[in-house]
Every structure is written in C-alpha cells, then in structure tokens.
Amino acid sequence: MDNLGINLKYSGISNSEINAYADKVKKIHKELNKNVDNINNYTGWIDWPINYDTKEFEKIKKIAKKVRADSDVLVVIGIGGSYLGARAVIDALSNKFEKKSTEILYVGNNLNPTYINEIIDYISDKDVSINVISKSGKTTEPAIAFRIFRNLLENKYGVDEARKRIFVTTTRRKGALYRIAMQEKYVKLSIPENIGGRYSVLTAVGLLPIAVAGFNIDDIMAGAKSAAEAYNNDNLKYNDCYKYAVARNILYDNEKNIEILASYEPKLFYFSEWWKQLFGESEGKNHIGIFPASVTYTTDLHSLGQYVQEGRRNLFETVINIEHSGSDIVIGYDDENLDELNYIAGKKLSYVNKKAMEGTILAHVDGDVPNIIINADHLDEIVIGQLIYFFEKACAMSGMLFDINPFDQPGVEKYKTNMYDLLGKNK
C-alpha cells in the first residue's frame, strides 16, 4: 500500500525468522475469513469497510448535518471502544486551537463527579445534543452519564425537544438501551452484532462523532477499504500487517513483553490510547500477552527516556513515523547566537524532529530496545482509515498466534461484579 509500510531494519529480526511463520499465518488467515459471517465470533469488522451498510452510512451523514446545524456541543457518552476510536480520529485530524462549529465532549468514560460537573457547567449556555453509545446499555459509567445528561436535556428543552437531540447507538433488537430508544422514540443507529467495541470505530460508533466533528467519513472508509483489500493476502511475504503481528510474537518469545507505541506527532496521543485498548483487551489473557504502553516523543524522552534507554530490557518500541507534516517552520538565524542554535538555522522544524527520531531509534536499539517502524506518508482521513484497519487486522493475527481468542474480554467482568456487590446491586 502506497501510504503505509513496515520497516523491520531495527527490530533485530531476520527475514528467515519472519518466514518461519508463513504456514501458520496462512492457516489463521483462512480461519479468520471463514468466520466472518458467524455472529458469535466478532469478526464482522474484517470485511466491514467493503460491505458496510450504505443506507445507515447515509443516515449517519444526515444526522451529523442536523447536529452541526443546531448544536454547539455534541456530548458523546461511552467508554472504551464506544468512544476511544472516535476521539482518536478526531484528535488526529483536528487543529487543537481552531474553534469548531460543533464541539465534541466525552462523558461516561469515568465516574468522577468533578469532571462531569465541569462539563455540565461548560455547556449550560450552549445548545447540546447527545450521542449515547453502548451495546447493553447497562455498563455503569455510560449508563449513569446518560441518566444525568438525558435529565439535563429534558429540563433544558422539554421532553419532546430533548428527544430530537438524543441519538442512540446500540444493538439492533435487544438490550436496555435499545428498549429505552424504542420507548422514547429516539433516533437510533446500530452496532453490528458481530463487531466488538474495540473493533467498532469504523461503524456508527465512531463515524457519527467523527462526521459531526466535520471530517470526511467517505475518505475514512475508502482508506479502510484499501487496507482491507491490501491485507487480505495470506502470503506473509507481501502482507506488512501480518509481518508486524509476527514480529511482535518473535520479540515476545525473546522476553520482550512490553511494547511501547511511540510517535513524534502529538496529534496521535488518543490514537495510542485506542491502540492500547485494542491490544491490551485482545491479548491480555491466560497470563500471557504483550503489555501495551505508549509515549509521545520528543516530550517523553525527557521523562521516560532514561528508563527506555537503560531500564529493564523487556521492552520493544513500535514507532509510527508520519513522513510529511501538515505544516512547517523554518528556524531563523540569530546574529548573537546566544542559544547556539545557528547550526540548524535555515532548516525546517520537521527535519529536526525527524533527526531526533532517527537518533533516538539508534540509541534505543544500541540499548537493546528493538524498534519496529510503521511509516505513514502523511496524516489525513484516508491514512487514518488505513492505520485503523492495519492495527485491527494485526491485532487479530497476533492474538491468534498466541493461541488466544482476541475478540472476548472475560477479565473485564471481574471488577464489575465486585463493584455491583459493593454497591448492593446483587442484594
């Protein structure tokens, strides 16, 4: 694929080590594709960019147009995969300091009353719509937030007008949130039954907030489609996505059990948060798996850099390298040169950033921290769609190479059971 590529030069992994996985990868690829239509296997995301529901896609754009016309703020209510994917894309594509016609705010991702009250105060004099996202409608954090903000809208606009400002993204025919939506006659969008939350950003779960934020969801899906086609190849030699999955497994077998996703682009902070959920929730089972962490360089070189360079040697890094910046700055010349920076006068800041990346990779590799580099030509809707699909497909392959199911999350339920007991729900 023209926009994305993998570089294993600094990974310490040979082609023969990668190729040793060819038969196993071919077998898993066949298994993944065989189960796409099985509703119980949560693999509907595999061909979703090619076969997505075009009727609902147009409905998403229609709703987004309405919200952008009548709302200063869209409050997205969800947790985990119900909001992280949308936030990852919106932050990656946004100018942080540019005022949007409709601002996206996020609640239901924590239980902190101060956070929620500050948002309530902030939106008090603004026109507001809500997009609540949940398969079950019973997950504690978003369920509480929905009750709070639904009441807020009803008090502000009246019940009938509030109905026009509440948009529900949930399952098609079951669950508490589905029943609420049907009873209250809220506009509803569907989460496909065979797509799990952390793989759902390319469905209505992510696409409605992204469209409200003003980004081109047609291009995002076009990027994801090109990736789906490129990585639907069982030949490991020609599939960079699968090479990444294999490389991770080889490094894990060499006692590298923590992966740091590194970027020199601050806009990718929440993309890293989405990536951490994707891999952490998919692979952390049976007391095995790679622990996912993230850093933003060069910032974190001045906080975590010492540990990465000389701490425990159980780390490897995957660097997302954005080749071309969206804008640039030329460093000026100063006659007095008191800061001693004239040696880089006339050079672009992107060039300095790139040299910092190259120097860091060399230093970390020299310190026994292997580096995998994912090269992306630039950052726009098409590329972000490709990156999302790249990591989703790699995560599925990597998890199955570990012989675990990358599509369930049984461990997440334990804290919920304890919390319900402590709150008296089960008494």
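Counting from 1, the numbers follow the sequence of the chain as shown.
- At most 12 non-hydrogen atoms from other residues, nucleotides or ligands lie less than 6.0 angstrom from CD1 of I329.
- Ion pairing of R248 with E259 is present here, as a side-chain N (NZ or NE/NH1/NH2) and a carboxylate O approach within less than 4.0 Å.
- Side-chain atoms of D53 come within 3.5 Å of backbone atoms of E56 as a donor-acceptor pair (strictly under, hydrogens ignored).
- Using modelled atom types and a 3.5 Å distance limit, the side chains of N233 and N239 yield no donor-acceptor pair.
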Trace of the side-chain contact (heavy atoms from CB on, under 4.5 Å) decision for R87 with W274: CA-CA 8 Å; R87 189 164 193 176; W274 168 80; over 6 Å; no
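- Heavy atoms from other residues, nucleotides or ligands lying under 6.0 Å from NZ of K9 number 12 at most.
- H324 and D377 share a side-chain donor-acceptor pair at under 3.5 Å.
- Formation of a donor-acceptor pair under 3.5 Å by the R165 side chain with backbone atoms of D70 is found in this model.
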Chi angles and distances behind the side chain to side chain donor-acceptor pair (under 3.5 Å) call for E317, Y297: CA-CA 12 Å; E317 291 176 301; Y297 292 150; 2.8 Å; yes
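- K59 places a side-chain N or O within 3.5 Å of a backbone atom of K188 that can act as its donor or acceptor partner.
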Worked check of salt bridge (charged side-chain N to carboxylate O under 4.0 Å, His left out) between D234 and K26: CA-CA 5 Å; D234 66 359; K26 194 180 291 281; 3.6 Å; yes
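- Between the side chains of E273 and Q277, no donor-acceptor pair is found at a separation under 3.5 Å.
- Heavy atoms from other residues, nucleotides or ligands lying under 6.0 Å from NZ of K276 number more than 12.
- For Q309 (side chain) and A363 (main-chain N/O), a donor-acceptor pair under 3.5 Å exists by modelled atom type.
- In summary, E154 and R163 do not engage in a salt bridge, as defined by a charged side-chain N under 4.0 Å from a carboxylate O.
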Side chain to side chain donor-acceptor pair (under 3.5 Å) assessment of N353 paired with K348: CA-CA 9 Å; N353 197 34; K348 293 180 179 179; over 6 Å; no
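- Side-chain polar atoms of T169 and N131 form a donor-acceptor pair below 3.5 angstrom.
- Using a 4.5 Å heavy-atom threshold, the side chains of I260 and V369 count as separate.
- In this structure, I46 CD1 and W48 CH2 are separated by 13.5 Å, a value rounded to the nearest 0.5 Å.
- Side chains of F167 and S129 form a contact here, defined as non-hydrogen atoms less than 4.5 Å apart.
- With respect to the salt-bridge test (charged N to carboxylate O, under 4.0 angstrom), the residues K34 and E31 do not qualify.
- Taking the side chain as every heavy atom from C-beta outward, K243 and D240 approach each other to under 4.5 Å.
- Remark: side-chain polar atoms of R172 are not paired, donor with acceptor, to backbone N or O of P192 under 3.5 angstrom.
- Checking K55, K62, K61 one by one against E58, the salt bridge (Lys or Arg N to Asp or Glu O under 4.0 Å) holds for a single residue, K61.
- Judged purely by distance below 3.5 Å, without hydrogens or angles, the side chains of N216 and E381 never pair a donor atom with an acceptor atom.
- The cationic atom of K267 (NZ for Lys, CZ for Arg) does not lie both less than 6.0 Å from the six-membered ring centre of F271 and within 45° of the ring axis.
- I120 has its side chain within reach of I148: a pair of non-hydrogen atoms, C-beta onward, lies under 4.5 Å apart.
- The structure places CG of L152 at 15.0 Å from CZ of R147, a figure rounded to the nearest 0.5 Å.
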CA sep, side-chain torsions, deciding dist, call: I290, L251, side-chain contact (heavy atoms from CB on, under 4.5 Å): CA-CA 10 Å; I290 297 169; L251 290 169; over 6 Å; no
Residues E103, K100; criterion salt bridge (charged side-chain N to carboxylate O under 4.0 Å, His left out); working and verdict: CA-CA 6 Å; E103 188 176 4; K100 292 285 186 182; over 6 Å; no
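- Two residues are said to be in side-chain contact when any heavy atoms from C-beta on lie closer than 4.5 Å; Y21 and Y242 fail this criterion.
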Test side chain to side chain donor-acceptor pair (under 3.5 Å) applied to S71 and D127, step by step: CA-CA 5 Å; S71 300; D127 281 317; over 6 Å; no
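- Of the N and O atoms on the side chains of N194 and T43, not one donor lies less than 3.5 Å from an acceptor on the other residue.
- Atom-to-atom distance recorded for Y186:OH and I180:CD1 is 7.5 Å, nearest 0.5 angstrom.
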E193 and Y42: CA distance, side-chain angles, deciding distance, side-chain contact (heavy atoms from CB on, under 4.5 Å) verdict: CA-CA 8 Å; E193 295 283 353; Y42 294 101; over 6 Å; no
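- Formation of a donor-acceptor pair under 3.5 Å by the S11 side chain with backbone atoms of L8 is found in this model.
- N19 and N15 share no side-chain donor-acceptor pair at under 3.5 Å.
- Looking at N286, its side chain never comes within 3.5 Å of a backbone N or O of I288 through a donor-acceptor pair.
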Test log, rule side-chain contact (heavy atoms from CB on, under 4.5 Å), inputs L111 and I144: CA-CA 8 Å; L111 292 168; I144 290 173; 3.9 Å; yes
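- Between I210 and I220 the shortest side-chain heavy-atom distance falls below 4.5 Å.
- With hydrogens and angles left out, the side-chain atoms of E323 and H378 include no donor and acceptor closer than 3.5 Å.
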Worked check of salt bridge (charged side-chain N to carboxylate O under 4.0 Å, His left out) between D408 and K285: CA-CA 10 Å; D408 65 358; K285 295 158 194 170; 2.8 Å; yes
Salt bridge (charged side-chain N to carboxylate O under 4.0 Å, His left out) between D23 and K27, worked out: CA-CA 6 Å; D23 290 342; K27 181 181 178 181; over 6 Å; no
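- Side-chain atoms of K256 never come within 3.5 Å of backbone atoms of D253 as a donor-acceptor pair (strictly under, hydrogens ignored).
- Between the side chain of R313 and the backbone N or O of G367 there is at least one donor-acceptor pair closer than 3.5 Å.
- Rounded to the nearest 0.5 angstrom, N3 CG and S226 OG are separated by 7.0 Å.
- Residues V205 and V201 are not in side-chain contact: their nearest non-hydrogen atoms beyond the backbone lie 4.5 Å or more apart.
- Between the S282 side chain and the F279 main chain, no donor and acceptor come within less than 3.5 Å of each other.
- Atom CG of D380 and atom CD1 of I384 lie 9.0 Å apart (nearest 0.5 Å).
- There is a side-chain donor-acceptor pair under 3.5 Å between N314 and N257.
- Checked against F391 for a ring-ring contact (aromatic ring centres under 6.0 Å, His included), the options Y199, Y231, Y244 give a single hit: Y244.
- F149 CZ to I119 CD1: the interatomic distance, rounded to the nearest 0.5 Å, is 5.5 Å.
- In Y307, the OH atom is crowded: over 12 heavy atoms of neighbouring residues, nucleotides or ligands sit closer than 6.0 Å.
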